[in-house]
Amino acid sequence: MTVRILLVDDQPLIRAALSMVVKDAPDLEIVGEAGDGDEAVRLASELTPSVVVMDIRMPGMDGIEATRRITSGPSAAHVLVLTTFDDDEYVYGALRAGASGFLVKDMGLEEILAAIRVVAAGDALLAPRVTRRLIADLTSRPTPGSSAPPRTLAAITEREQEVLTLIASGLSNTEIADHLHLSITTVKTYVTRLLSKLDARDRVHLVILAYEAGLVTTSR
């Protein structure tokens, strides 16, 4: 299936650069462009995109509020935040608003296209450096009113633990499949099992659990 993309950025040159690259990808199609959050919310409803590539800092309604409205509304679109700014405030705000991914614009265009495909498939994705900083901050905070030990990983298999470690390192399903010499379908099965066994909300929650259990350290 073709991934339908809505580009949202107040800089026409950024939209033009992404458009040029997308045109050469047979499985991707740009169905609309928006220069601010209000227009993004309207077009997400009208054009039914698969993925909304969302900037954060824009005039009028910003990308975080637009993400919140799109993900809480009738649109089935996944939001991939793509911004110059990877400040913690923006990362946390985007994730709380329901974004499925957070990337920074200094990544290569092919990496961004790969991320669009990952998010369109229903996976969550964070730029590795964003993931490491986010989890380092979250896991450094004491759990309010709780002295319970980290959640045990005894319920998962050795292979599932390998997959969890790679997820916590910021790898996508495709990268995990390449690393472990598995099919994408098999990796997705492992991720589904991990979500169920660890009672995790989503992929980002799996990363947090991996750090809390000491499976991965912030120095990696």
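Residue indices begin at 1 and follow the sequence shown. Computation of the quantities below employed the complete heavy-atom set of this structure, encompassing side-chain atoms and omitting hydrogens, waters and symmetry-equivalent molecules.
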Supply the atom-to-atom distance [X] [atom1] to [Y] [atom2], rounded to the nearest 0.5 angstrom.
X: Lys197; Y: Leu195; atom1: NZ; atom2: CG; value: 12.0 Å
X: Arg42; Y: Leu47; atom1: CZ; atom2: CG; value: 8.0 Å
X: Asp178; Y: Asn173; atom1: CG; atom2: CG; value: 11.0 Å
X: Met20; Y: Arg15; atom1: CE; atom2: CZ; value: 15.0 Å

List the residues meeting side-chain hydrogen bond (donor to acceptor under 3.5 Å, both in side chains) with [X], not counting sequence neighbours, and say none if there are none.
X: Glu39; result: none
X: Ser19; result: Glu33
X: Ser72; result: none

Under the 3.5 angstrom rule, does the side chain of Glu160 hit a backbone N or O of Thr157 as a donor-acceptor pair?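 Present.
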
For the residue pair [X] and [Y], what are the closest heavy atoms and their distance?
X: Gly35; Y: Pro59; result: O-CD, 4.3 Å
X: Val52; Y: Ala77; result: CG2-CB, 3.9 Å
X: Val119; Y: Ser100; result: CG1-CB, 3.8 Å
X: Ala177; Y: Ile184; result: CB-CD1, 3.8 Å

Do the side-chain N and O atoms of Ser183 and Thr186 include a donor-acceptor pair separated by under 3.5 angstrom?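 Ser183 vs Thr186: donor-acceptor pair found between side chains.
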
Partner set under side chain to side chain contact (heavy atoms under 4.5 Å, CB included) for Leu109, not counting sequence neighbours: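 Only Leu18, Val21, Ile112 meet the side chain to side chain contact (heavy atoms under 4.5 Å, CB included) criterion with Leu109.
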
Listed by chain and number, what are the side chain to side chain contact (heavy atoms under 4.5 Å, CB included) partners of Ala25, not counting sequence neighbours?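 Per chain and number, Ala25 pairs via side chain to side chain contact (heavy atoms under 4.5 Å, CB included) with Asp27, Leu28, Arg117.
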
May I ask you to test the [X]-[Y] pair for a side-chain heavy-atom distance under 4.5 Å?
X: Pro49; Y: Val31; value: yes
X: His179; Y: Leu166; value: yes
X: Ile5; Y: Glu29; value: no
X: Arg159; Y: Leu180; value: yes
X: Lys188; Y: Thr185; value: no
X: Glu162; Y: Leu182; value: no
X: Leu164; Y: Leu198; value: yes
X: Ile176; Y: Tyr190; value: no

Chi angles and distances behind the side chain to side chain contact (heavy atoms under 4.5 Å, CB included) call for Val81, Leu103: CA-CA 6 Å; Val81 171; Leu103 301 179; over 6 Å; no

Evaluation steps, side chain to side chain contact (heavy atoms under 4.5 Å, CB included), between Val8 and Met58: CA-CA 9 Å; Val8 184; Met58 296 181 291; 3.7 Å; yes

Matching residue for Met54 among Asp62, Ile70, Leu80, Leu82 - test: side-chain contact (heavy atoms from CB on, under 4.5 Å):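 Checked Asp62, Ile70, Leu80, Leu82 against Met54; only one passes side-chain contact (heavy atoms from CB on, under 4.5 Å): Ile70.
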
Scan Leu113, Val3, Val53 and name whichever one has a side-chain contact (heavy atoms from CB on, under 4.5 Å) with Val22.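 Checked Leu113, Val3, Val53 against Val22; only one passes side-chain contact (heavy atoms from CB on, under 4.5 Å): Leu113.
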
Applying side chain to side chain contact (heavy atoms under 4.5 Å, CB included) to Val41 and Met61, what does each step give before you reach the verdict? CA-CA 10 Å; Val41 173; Met61 184 189 299; 4.0 Å; yes

So which pairs with a foot in residues 4-13 pass salt bridge (Lys or Arg N to Asp or Glu O under 4.0 Å), sequence neighbours left out?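 Sorted pair list: Asp9-Lys105.
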
Evaluate the side chain to side chain contact (heavy atoms under 4.5 Å, CB included) criterion for residues Leu6 and Val51: first the C-alpha distance (whole Å), next the side-chain angles of each, then the deciding distance (0.1 Å), finally the verdict. CA-CA 6 Å; Leu6 171 61; Val51 176; over 6 Å; no

